[in-house]
A.B. asks: 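Take a look at this one; I'll ask things after.
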Amino acid sequence: MTVSESAAEAELEVEAELLAGLESGVTTAGAPEERFDVEAPFRGTKIGDLPACGPDDVEVAFERARQGQEAWERRSVAERAEVFKRYHDLVIENCEELLDIVQLESGKARRHAYEEVLDVAMTARHYAYRAEDYLESEEREGALPGLTETEVHHHPVGVVGMITPWNYPLSLAVSDAIPALLAGNSVVIKPAEQTSYTALKAIELLREAGLPRDVFRVVTGHGKVIGEPLVAESDFVCFTGSTETGRIVASQAGEHLTKCSMELGGKNPGIVCDDADVDRAVEGLIRGCFTNAGQLCISIERLYVHEDVYGQFVEAFVDAIEGLHVGAGYDHDVDVGSLISEEQLEKVTDHVEEAKAQGATVLTGGTARPDLGPYFYEPTVLTDVDESMTLCANETFGPVVAVYEWSDEDDVIERANDSDYGLNASIWTEDHERGREMATQIETGTVNVNEGYAAAWASLDAPMGGMKNSGIGRRHGDEGIMKYTESQTVSVQKHLGMTNPPGVPHWLYAKLMNKTLKIQRHIPGMR
Ligand code: ADP
């Protein structure tokens, strides 16, 4: 056996150890009839296989989740929060192992996998310490001050069904589940086929932190097979993925009148203003465009650069990109990793090849890198992109950005808004007031000034989500937890009823009420 053969064997052993036992976290009705393969994108080879669950398995998962939810709901919010405080610490303690699994399944660079660990720990911390405030019952003014006592309670919806994608397998499997669980719900999740081991590992740690097994159930397999039964059983559906699949899931939820939130695709614009700090913009937009090889719904795929700094920016941007370390590696020094799959590589290649054929100019990149691994694609910058090209308006979900020049501010805002999507935007200017003012005119759910996406995403007490075809509802902040609750208004009427008092004829009551209404409109506390 050569040295490289024995090294490869040792690597396989380490991988097998990483994944060992995780399958026990999958809920099945009996012995699984079918299985599906999971591969390592760095090599394009199989690393394991998991049950392809069917509708029966979904049914069992929901039965268990409903049983588990009843006891979980009875615990106080403070008691539930303790689990997530422990989870926060466990995620940090298990950071290296989590990074290894995320990288193994997704092929992303370690620095991008680390963003997921950060996100999960910060989300656990945020909601663990804030859930009591968010969920507390509140007193309201009521119909008749002094006579009606009204309060609002926030009950869990029951079982939340989650369908999650492969691009942020750790973060998206648990960060949306944390507020759902803290609100007293249980969760049944179907993670993406490509990255189910990561979800299983993340949920295994939640159990270690004290979450009862039935409160978070996992079914693995194909969305086309188990998506519909999962939606049918759910009391709320939380979906993250493509706009195309989101439409299918939302319409299924609609059939059952089940509430849902959808975080979908984007074709996110970046705007570099004439007064931008060009070096800072270059550094930030490299992260903004190429994090996770561009497989990030909030990454920037359209970049509008002011004519005064266009030449300087483009030269520095291309230079910096050409210095990026692209490759397969488990250390933090790699800047850009692999795409996840053959399918994703084909999509990115098709978009770029079509653009080239229609007259786009490649400033850097524009080719696959099979020398680095089967699905690698170079960070790519294009100019001369026009509407005849698919990538002009459609999400590429790869390391490809089209750069355009602008001169008029109203015009660039119009161009940025000229999209069916509305997820995220990035503005670069040294004048923060100007940035704020431009931001409010952009039709996206988040806008980052002097950052690509991370500032708004990591503002965990503020809502995050999409306008237009980029989604329904929001994650993070109060909206990110209250969506998993049903609010209930309880009013206690004291003394007088809501009609004419005994002995007062209704015509007199109406006259007196009209006078009262006229006065009340002018009293601030009574409007
Ligand atoms: P992609 O095409 O990039 O895989 P999707 O939006 O299709 O993105 O995938 C996101 C999640 O949706 C995955 O867990 C996937 O298995 C699931 N999914 C795919 N098709 C369906 C469907 N018809 N119904 C429900 N879920 C689905």
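Read the numbers this way: they start at 1 and go in the same order the structure lists the ligands and their atoms.
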A.B. asks: Where's the contact between His222 and ligand 1, heavy-atom distance under 4.0 Å: side chain, backbone, both or neither?
C.D. replies: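 Neither; nothing of His222 gets under 4.0 Å from ligand 1.
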A.B. asks: For Ala180, is there any backbone N or O sitting under 3.5 Å from a side-chain donor or acceptor partner on Lys483?
C.D. replies: no
A.B. asks: Within the structure, does Thr245 bring an N/O atom to less than 3.5 angstrom of an N/O atom in ligand 1?
C.D. replies: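 Right, the criterion is met.
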A.B. asks: Heavy atom to atom 10 (C) of ligand 1, shortest distance: which of Thr240, Val231, Val237 holds it?
C.D. replies: Thr240
A.B. asks: May I ask you to decide whether Glu39 forms a salt bridge with Lys46, counting only side-chain N to carboxylate O separations under 4.0 Å?
C.D. replies: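 No salt bridge links Glu39 with Lys46.
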A.B. asks: Would atom 5 (P) of ligand 1 count as contacted, meaning some protein heavy atom under 4.0 Å?
C.D. replies: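 Under 4.0 Å from atom 5 (P) of ligand 1, at least one protein heavy atom found.
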A.B. asks: Taking the six-membered ring for Trp, are Tyr330 and Phe42 ring centroids under 6.0 Å apart?
C.D. replies: yes
A.B. asks: Students often mix this up, so state it plainly: with edges at 30° and 60°, are the rings of Tyr304 and Tyr404 parallel, tilted or perpendicular?
C.D. replies: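 Tyr304 vs Tyr404 ring planes: parallel.
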A.B. asks: Between the side chain of Arg80 and the main-chain N/O of Glu73, is any donor-acceptor distance below 3.5 Å?
C.D. replies: yes
A.B. asks: Enumerate the atoms of ligand 1 whose separation from the nearest heavy atom of Trp166 is less than 4.0 angstrom.
C.D. replies: 1 (P), 3 (O), 4 (O)
A.B. asks: So is there a nitrogen or oxygen of Ser242 less than 3.5 Å from a nitrogen or oxygen in ligand 1?
C.D. replies: yes
A.B. asks: Looking at Asp49, is its backbone amide N or carbonyl O close enough to the side chain of Arg35 to form a donor-acceptor pair, meaning the two atoms are under 3.5 Å apart?
C.D. replies: yes
A.B. asks: Under a plain distance cut-off of 3.5 Å, with no hydrogens placed, do Ser487 and His154 share a side-chain donor-acceptor pair?
C.D. replies: no
A.B. asks: In terms of atom number and element, which parts of ligand 1 are under 4.0 angstrom from non-hydrogen atoms of Thr164?
C.D. replies: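 Within the 4.0 Å cut-off of Thr164, ligand 1 contributes 11 (C), 13 (C), 14 (O).
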A.B. asks: May I ask you to check whether Phe397 and Trp166 place their ring centers less than 6.0 Å from one another?
C.D. replies: yes
A.B. asks: I'd like to check which ligand 1 atoms, numbered from 1 as shown, lie under 4.0 Å from a non-hydrogen atom of Gly227.
C.D. replies: 25 (C)
A.B. asks: Please could you name the atoms of ligand 1 that Ile163 approaches to less than 4.0 Å, counting only its heavy atoms?
C.D. replies: 11 (C), 12 (O), 14 (O), 17 (C), 25 (C), 26 (N)
A.B. asks: Any atoms of ligand 1 less than 4.0 Å from a non-hydrogen atom of Gly241? List them with their elements.
C.D. replies: 6 (O)
A.B. asks: Salt bridge or not between Arg207 and Glu204? Use side-chain N to carboxylate O under 4.0 Å.
C.D. replies: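 Looking at Arg207 and Glu204, the cut-off is not met.
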A.B. asks: Taking distance alone, with no angle check, do Glu343 and ligand 1 share an N/O pair under 3.5 Å?
C.D. replies: no
A.B. asks: Are His112 and Phe290 close enough that their ring centers fall under 6.0 Å?
C.D. replies: no
A.B. asks: Should the proximity of Val249 to ligand 1, defined as any heavy atom under 4.0 Å, be assigned to the side chain, the backbone, both, or neither?
C.D. replies: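 Under 4.0 Å from ligand 1, Val249 contributes side-chain atoms alone.
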A.B. asks: Within a distance under 4.0 Å of any heavy atom of Glu193, pick out the atoms of ligand 1 and give their elements.
C.D. replies: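 Listed by number with element: 15 (C), 16 (O).
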A.B. asks: What is the closest protein heavy atom to atom 24 (N) of ligand 1, and at what distance does it sit?
C.D. replies: Gly223 O, 3.3 Å
A.B. asks: Answer side chain, backbone, both or neither: which part of Phe397 comes under 4.0 Å from ligand 1, heavy atoms only.
C.D. replies: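 Within the 4.0 Å criterion, Phe397 makes no contact with ligand 1.
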